[in-house]
Amino acid sequence: MAEKASPRKVSAIGKRRVAAGVESSEAYKARRLEIAAAAARVFNRVGLQRATLKDVADELGIDRASLYYYVQSKEALFDE
């Protein structure tokens, strides 16, 4: 019998973003694209295993904690 894949847990910040409707705003979407592009540069430069969210934050010139508003994890960012 095959096991079901468990749904991803949504963080508290994720729940607040959904409730506020932030994820559908153009500014939020634009920032996510900017973050994805910075992550791609970092992943290409140092590789996925060695890259950290701090590296991505540094690439953007922001605090690592601020990055968590937009992404849940490095793996989720890579998947995106």
Side-chain angles (χ1 to χ4, degrees):
M1 177 181 236
E3 290 184 33
K4 283 189 196 178
S6 62
R8 276 196 175 158
K9 291 178 80 173
V10 177
S11 68
I13 190 77
K15 290 176 185 174
R16 288 194 299 270
R17 282 193 310 265
V18 169
V22 175
E23 292 182 345
S24 62
S25 77
E26 292 305 314
Y28 181 86
K29 290 176 187 176
R31 187 64 167 159
R32 289 285 299 231
L33 288 174
E34 187 178 345
I35 291 167
R41 291 190 300 272
V42 170
F43 296 157
N44 284 329
R45 190 168 54 242
V46 300
L48 177 62
Q49 294 300 319
R50 292 188 59 210
T52 66
L53 284 180
K54 182 179 181 332
D55 295 331
V56 176
D58 290 347
E59 181 81 11
L60 289 162
I62 64 172
D63 185 78
R64 181 180 58 95
S66 299
L67 196 56
Y68 279 104
Y69 180 78
Y70 296 94
V71 297
Q72 192 171 1
S73 68
K74 173 178 76 170
E75 291 76 13
L77 185 55
F78 179 77
D79 289 344
E80 193 173 301

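Just so we're clear, the structure is a prediction, and the values are computed from it rather than from any experiment.
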Student: For D58, give me all partners under salt bridge (charged side-chain N to carboxylate O under 4.0 Å, His left out), at least two apart in sequence or on another chain.
Tutor: K54

Student: So which atom in R50 and which in D55 form the shortest heavy-atom distance, rounded to 0.1 Å?
Tutor: O-OD2, 3.7 Å

Student: Under 3.5 Å, side chain of N44 to main-chain N/O of R41, donor-acceptor pair present?
Tutor: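 Between the backbone of R41 and the side chain of N44 there is no qualifying donor-acceptor contact (under 3.5 Å).
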
Student: Please answer: with hydrophobic residues joined when any side-chain heavy atoms are less than 4.5 Å apart, are L60 and V46 in the same cluster?
Tutor: yes

Student: Name all residues meeting the salt bridge (charged side-chain N to carboxylate O under 4.0 Å, His left out) criterion together with R64; count only those two or more places apart in sequence or in a different chain, and write none if there are none.
Tutor: none

Student: Could you state the interatomic distance from CD1 (I35) to CD (E59), rounded to the nearest 0.5 Å?
Tutor: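 The CD atom of E59 is 12.5 Å from CD1 of I35, to the nearest 0.5 Å.
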
Student: Please give me the minimum heavy-atom distance between A57 and L67, naming the atom from each residue.
Tutor: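 For A57 versus L67, the nearest heavy atoms are N-CD2, 3.9 Å.
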
Student: Could you tell me the separation between the CD1 atom of I62 and the OH atom of Y69, rounded to the nearest 0.5 Å?
Tutor: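 Nearest 0.5 Å value for the CD1-OH distance: 12.5 Å.
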
Student: Quick one: list whatever passes side chain to side chain donor-acceptor pair (under 3.5 Å) with R31, sequence neighbours left out.
Tutor: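 Result, side chain to side chain donor-acceptor pair (under 3.5 Å) vs R31: E34.
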
Student: Using a 4.5 Å cut-off on heavy atoms from C-beta on, say whether the side chain of Y70 contacts that of L77.
Tutor: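 SC-SC contact between L77 and Y70 ruled out.
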
